[in-house]
Amino acid sequence: MSPGKQHVVHIGFHASEAHTVDFDADHVTVVMSRSSAARLPAELASRFARIAVLDLPDSDDLDTYDRAVDRMRELVAGLAAEFGPPAAIVALYEHTTLPAARLREHFGVPGTDVRTALLCRDKVPMKEALAGTGIRVPRFLAVGGPETGPAELAEFARRTPGRIVLKPRSQGASIGVRILDDAAALLALAEAGGIEEGHEVEEFVEGSIHHIDGVVRDGEMRWFCASRYLDTCFDFQYGNVPLAAVTPDDPGLVARMREFTGTVLRSLGLTDSTFHLELFHTPDDELVFLEIGNRFGGAGISWHQRTVYGVDLAREAALACLGRPSELAGSTTMLDHREVGASGWLYMPAVAGPARVVGITGLDTLPDSVVGIDTPAVGDVLDAGGDVWPTAGRFLLSGESAVSVERDMERIVNTYTLTTKAGD
């Protein structure tokens, strides 16, 4: 052990977050699945003081890490014997925030505690914690377990007209979500034994969905950015449609969303973290809570925030876990960046693969509002397998207004195409 160096343990890691780590200042170790460790570039892997591997299934089940927390305790204890007790336990991802909190509790490490981490993972207690706060949540019910009987499910169905959403309580990216036509479909599914344990049902809320991304430190929101999805994560995953989001330019709506977000953060006890919250804005101009995670947003969100606004959400997440000061000056929102009228990100749906790119059109006619682009080249082989957000091209835009950015996104959707040939 080098004198003066602290031992920092990461739970899970991806190469895209390498810039958040000061390998020279600390003894940095990581606990991660064997398959994820194998994907780390060799040069990056060599910079960790030690990589402790977990034998986990290589799947999109976000609960696999938490189910292995007992083994993680053993591994961290072994790392502590070599590098000293952990001074910080860093978790940057949806699947690692809860087990990291359990490890903090076990090893007496400061940071987000188990109660708050659980409220930011499990969609049932998450919404229960907002009772009495003035925040509207969709009507919901835990299902699939012994605590929910046929009579309770029938009563929920009776009180819930229209479509019903069935979803896992602790997954993300619309994984495992089903939208049922009506209450009869829900009851029929339950009668046939088609509802697994660990799920919830909730009413389908009409309206646009916004994602709210930010940084909270010592209970103060240091950064707040709202964006409206032009479609939904569900439609991107299951309908092969583009996924895009644009920042609103209505100061009154943004102020309401910021107040809404502050109430949620206080209610869940989230005081030092990045966060990704989603809410509905209904046709009746009401804000309705959807869900929240105590981590930075996926898909194009962190790329968008860093490129357009200079806010590195991954870096801020690491600093919060380390208990070190934020690098953000003051408390701001995206509207405080006067040079940006509105901005957004666009993900084009993936090509069924494996497939080789043989032609690309539309790149020579991109709007001037495009400030970032990541597309394949002719000759590249595309294969979306294993990617949570598979894409055939992604774009960042910054323009004079939300309307103009949305218009330019539509132009890209209509002109950008890939020609592919099946196979590799």
Side-chain angles (χ1 to χ4, degrees), residues 94 172-174 177 205-215 223-251 253-254 256-258 260-261 274-282 287-293 295-314 333-335 337 340-350 366-367 369-375 388-414 416:
E94 182 79 9
S174 290
V177 174
V205 178
E206 297 287 352
S208 60
I209 301 177
H210 288 68
H211 64 79
I212 312 297
D213 299 276
V215 178
W223 171 245
F224 173 93
C225 183
S227 301
R228 177 175 60 88
Y229 287 114
L230 303 189
D231 216 297
T232 68
C233 298
F234 180 88
D235 289 330
F236 178 79
Q237 296 286 14
Y238 304 108
N240 199 41
V241 300
L243 181 62
V246 176
T247 59
D249 49 17
D250 177 348
L253 178 61
V254 171
R256 288 172 56 204
M257 289 183 174
R258 191 174 188 278
F260 181 104
T261 301
T274 55
F275 60 87
H276 174 73
L277 181 152
E278 294 184 337
L279 58 81
F280 300 97
H281 183 209
T282 73
L287 302 181
V288 182
F289 178 81
L290 177 52
E291 60 190 42
I292 189 173
R295 44 80 182 177
F296 58 89
I301 293 170
S302 60
W303 182 40
H304 167 232
Q305 310 266 301
R306 185 173 63 253
T307 302
V308 177
Y309 300 109
V311 176
D312 190 333
L313 292 175
T333 78
M334 75 285 191
L335 295 184
H337 290 252
V340 181
S343 64
W345 55 274
L346 166 66
Y347 267 36
M348 296 297 287
L366 291 175
S369 57
V370 173
V371 295
I373 179 172
D374 180 15
T375 60
V388 175
W389 299 107
T391 174
R394 55 187 196 145
F395 304 86
L396 296 181
L397 292 84
S398 178
E400 61 183 19
S401 68
V403 169
S404 69
V405 171
E406 186 172 346
R407 182 183 63 238
D408 287 350
M409 285 182 172
E410 183 178 2
R411 176 176 160 187
I412 295 171
V413 170
N414 291 334
Y416 172 76

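Numbers for residues simply follow the sequence, beginning at 1.
The shortest side-chain heavy-atom distance between L396 and S343 does not fall under the 4.5 Å cut-off. Residues T282 and E206 are not in side-chain contact: their nearest non-hydrogen atoms beyond the backbone lie 4.5 Å or more apart. When side chains are defined from C-beta on, L279 does not count as touching F289, because their heavy atoms never get closer than 4.5 Å. Side-chain contact between C225 and Q305 is present, with at least one heavy-atom pair separated by less than 4.5 Å. Contact check for V254 versus P248: side-chain heavy atoms found under the 4.5 Å cut-off.
Partners of S227 according to the side-chain hydrogen bond (donor to acceptor under 3.5 Å, both in side chains) rule, which considers only residues two or more places apart in sequence or in another chain, do not exist here. Listed by chain and residue number, nothing satisfies the side-chain hydrogen bond (donor to acceptor under 3.5 Å, both in side chains) test with T375 (two or more places apart in sequence, or in another chain). Considering only residues two or more places apart in sequence or on other chains, D408 meets the side-chain hydrogen bond (donor to acceptor under 3.5 Å, both in side chains) condition with S369. In this view, H210 satisfies the side-chain hydrogen bond (donor to acceptor under 3.5 Å, both in side chains) rule with no residue, not counting sequence neighbours. Shown here are the ring pair (Phe, Tyr, Trp, His ring centres under 6.0 Å) partners of H276, two or more places apart in sequence or in another chain: H211. With sequence neighbours left out, A392 forms a side-chain contact (heavy atoms from CB on, under 4.5 Å) with V351, L418. Residues satisfying the ring pair (Phe, Tyr, Trp, His ring centres under 6.0 Å) test with Y416, not counting sequence neighbours, are F395. D312 is linked by a side-chain contact (heavy atoms from CB on, under 4.5 Å) to H19, R306, A314, R315, counting only residues two or more places apart in sequence or in another chain. For the side-chain contact (heavy atoms from CB on, under 4.5 Å) test, residues two or more places apart in sequence or in another chain that qualify with A244 are L230, L346, M409. Residues passing the salt bridge (charged side-chain N to carboxylate O under 4.0 Å, His left out) test with R256, sequence neighbours excluded: D285.
Interatomic distance, L287 CG to I212 CD1, rounded to the nearest 0.5 Å: 8.5 Å. Taking CH2 of W223 as the start and OG1 of T333 as the end, the distance is 6.5 Å to the nearest 0.5 Å. To the nearest 0.5 Å, atom CD1 of residue I209 and atom CZ of residue F280 are 4.5 Å apart. With rounding to the nearest 0.5 Å, the separation of CD in E278 from CD in E291 is 5.0 Å. Here the straight-line distance linking atom NE2 of H304 with atom OG1 of T247 works out to 5.5 Å at 0.5 Å rounding. The structure places CG of D250 at 12.5 Å from OG of S401, a figure rounded to the nearest 0.5 Å.
Counting only residues at least two apart or on different chains, the salt bridge (Lys or Arg N to Asp or Glu O under 4.0 Å) pairs with a member in residues 393-407 are R228-E406, D374-R394.
The two residues L313 and T274 come nearest to each other via the heavy atoms O-CG2, 3.3 Å. Taking all atoms of both residues into account, the shortest heavy-atom contact from M257 to A226 is SD-CB, 4.0 Å. Considering all non-hydrogen atoms of both residues, S398 and V405 come closest at C-CG2, 4.4 Å.
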- Message: Would D213 and F296 count as a side chain to side chain contact (heavy atoms under 4.5 Å, CB included) here? Give the steps.
- Response: CA-CA 7 Å; D213 299 276; F296 58 89; over 6 Å; no
